[in-house]
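Report on the following structure.
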Amino acid sequence: FFFQAEDGIREYQCDWSSDVCSSDLPCNRLDASVLALIAAEMYFRGRLHRSLEYCAWLTWWLFRPDRLGNLSVGVAQVQLKNWVSLKAIPSMAPTPSNLWAVASLTKNYEVCLEYLKKQRVLATATPEELSEVYCGRARAYHAMAVGVAMKTAVQLSLIKANDNQP
């Protein structure tokens with residue numbers, strides 16, 4: 001997955017497709033919109049950033065529980081309140097089982113998919129619409145990353161579908 005920013009300076013290289021397909025997700029039936037959002041979020045928030053979010057989860061749980069629901073976690077960057085409302089985790093407490101679920105790529109895919117279904121934007125959404133739903137407002141750089149990732153995800157789905165044919 002490669003893309004170049006409008007200013008021509010940044011290039012992103014990430015083999016997120018191997019991460020997805022090495023998980024237990026059925027690669028020939030994955031939704032391109034969900035894969036694109038996860039790829040874009042992996043680009044904008046690397047492992048170190050996500051590790052800091054897990055520390056913030058514990059800190060906010062202890063000192064600012066009123067703001068805890070707005071914290072976005074996992075590679076899909078879904079807010080904790082949505083993880084709970086979608087019944088992906090039982091509570092917002094940073095328990096080992098909740099941390100494990102939020103760290104799971106499969107769980108992130110499922111939560112992102114359900115969130116987009118709930119927002120009614122899954123099947124027909126453009127990269128700009130996905131960015132707006134996901135970020136709260138359309139952001140050009142995010143929409144660009146989602147658009148490139150959607151093209152790559154569609155190509156990946158086609159390749160995987162052809163690999164599964166006899």
Side-chain angles (χ1 to χ4, degrees), residues 1-23 25 27 29-57 59-60 64 67-86 88 92 99 101-160:
F1 171 56
F2 298 92
F3 80 83
Q4 194 166 352
E6 291 174 20
D7 59 10
I9 296 172
R10 291 184 354 188
E11 185 178 277
Y12 173 50
Q13 299 180 8
C14 174
D15 190 10
W16 60 271
S17 60
S18 65
D19 288 343
V20 170
C21 288
S22 64
S23 71
L25 292 171
C27 283
R29 294 188 314 254
L30 296 176
D31 185 273
S33 298
V34 176
L35 288 178
L37 281 169
I38 289 174
E41 293 303 331
M42 288 173 75
Y43 169 67
F44 289 113
R45 292 175 182 85
R47 287 184 180 150
L48 176 61
H49 188 151
R50 286 193 308 274
S51 297
L52 293 173
E53 288 168 351
Y54 300 136
C55 294
W57 187 357
T59 304
W60 286 15
R64 292 298 308 261
R67 299 199 56 204
L68 192 57
N70 295 327
L71 181 65
S72 298
V73 295
V75 294
Q77 287 297 292
V78 174
Q79 290 180 332
L80 276 171
K81 63 186 173 190
N82 293 314
W83 279 86
V84 173
S85 72
L86 295 169
M92 287 191 257
L99 288 165
V102 167
S104 163
L105 184 57
T106 302
K107 219 33 156 172
N108 275 268
Y109 177 86
E110 293 167 354
V111 167
C112 185
L113 179 66
E114 291 305 314
Y115 177 76
L116 291 176
K117 284 180 182 177
K118 184 178 170 183
Q119 299 299 316
R120 296 187 175 113
V121 294
L122 192 58
T124 60
T126 65
E128 292 76 17
E129 291 167 332
L130 287 171
S131 180
E132 185 173 347
V133 165
Y134 227 67
C135 298
R137 62 184 172 91
R139 295 183 176 159
Y141 60 90
H142 190 267
M144 180 187 65
V146 170
V148 172
M150 282 178 84
K151 290 176 188 171
T152 305
V154 168
Q155 291 170 349
L156 175 66
S157 297
L158 293 174
I159 291 168
K160 290 297 177 182

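Predicted model only: the values in this text are computed from it and were never measured.
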* Structure fact -> The side chain to side chain donor-acceptor pair (under 3.5 Å) partners of Q77 (sequence neighbours excluded) come to R45, E53
* Asked: Does R64 have any side chain to side chain donor-acceptor pair (under 3.5 Å) partners at least two apart in sequence or in another chain, and if so, which?
  -> D66
Looking at [atom1] of [X] and [atom2] of [Y], how far apart are the two atoms once the value is rounded to the nearest 0.5 Å?
{"X": "L80", "Y": "S85", "atom1": "CG", "atom2": "OG", "result": "10.5 Å"}
{"X": "C112", "Y": "E41", "atom1": "SG", "atom2": "CD", "result": "8.5 Å"}
{"X": "Y141", "Y": "M144", "atom1": "OH", "atom2": "CE", "result": "10.5 Å"}
{"X": "L113", "Y": "L86", "atom1": "CG", "atom2": "CG", "result": "10.0 Å"}
{"X": "E110", "Y": "N108", "atom1": "CD", "atom2": "CG", "result": "9.5 Å"}

* Structure fact -> By salt bridge (Lys or Arg N to Asp or Glu O under 4.0 Å), E132 pairs with (sequence neighbours left out) none
* To do: Output yes when a side-chain donor or acceptor of W57 lies under 3.5 Å from a complementary backbone atom of M92, and no otherwise.
  => yes
* Donor-acceptor contact present, side-chain W83 to main-chain V78, <3.5 Å -> yes
* R50 and V73: CA distance, side-chain angles, deciding distance, side-chain contact (heavy atoms from CB on, under 4.5 Å) verdict -> CA-CA 7 Å; R50 286 193 308 274; V73 295; over 6 Å; no
If you look at every heavy atom in [X] and [Y], which pair is closest and at what distance?
{"X": "G69", "Y": "Q79", "result": "O-CB, 3.4 Å"}
{"X": "P127", "Y": "A143", "result": "CB-O, 3.4 Å"}
{"X": "A88", "Y": "A101", "result": "O-CB, 4.3 Å"}

* Under the side-chain contact (heavy atoms from CB on, under 4.5 Å) rule, what do V102 and V111 come out as? Steps first, then yes or no, please. => CA-CA 9 Å; V102 167; V111 167; over 6 Å; no
